[in-house]
Amino acid sequence: MSETVDTLKSEKVGAGQFVSETREELKKVSFPSSDDVRSTTIIVILNVIFFAIFLFLVDQGWNYILLGLEWLVNKTVGL
């Protein structure tokens, strides 16, 4: 238990050391190429369009079903 607590204690880090460690970590990062970004952006846009159309059609279907049920109830009750 004491080992866990010891690792959680933070050391005092200066601003210069923080910046240099941040630069070292950023050197390890691999950034996507512009072609990768372009292709994933196109995929995201197409997915958004697809799901917008799909959800619109589902919403219209539920609207049609509920209007039909309302009409059926009104005919049954005699309103």
| said: Parallel, tilted or perpendicular, judged at 30° and 60°: which one describes the rings of Phe54 and Phe50? | reply: parallel
Rounded to the nearest 0.5 angstrom, the CH2-NZ distance for Trp71 and Lys75 is 6.0 Å
Taken to the nearest 0.5 Å, the spacing of Leu26 CG from Glu21 CD works out to 12.0 Å
Salt bridge between Glu25 and Lys28, side-chain N to carboxylate O under 4.0 Å? yes
**Prompt:** Hey, are the side chains of Glu70 and Leu66 touching, using non-hydrogen atoms and a 4.5 Å cut-off?
**Reply:** no
Between the OH atom in Tyr64 and the CG atom in Leu69, the distance rounded to the nearest 0.5 Å is 11.0 Å
Hits for side chain to side chain donor-acceptor pair (under 3.5 Å) against Asp36, two or more places apart or cross-chain, chain-then-number order -> Ser33
Q. Are any side-chain N or O atoms of Asn47 and backbone N or O atoms of Ile43, one a donor and one an acceptor, separated by less than 3.5 Å?
A. yes
In terms of heavy-atom contacts, Thr40 and Val37 come closest through OG1-O, 3.1 Å
Here the salt bridge (Lys or Arg N to Asp or Glu O under 4.0 Å) pairs for residues 37-47, sequence neighbours left out, are Asp35-Arg38
dist Trp62:CH2 -> Leu57:CG (nearest 0.5 Å) comes out at 14.5 Å
Notebook entry, point to check: Do Ile45 and Phe56 belong together in a cluster built from hydrophobic side chains that touch within less than 4.5 Å?
Noted result: yes
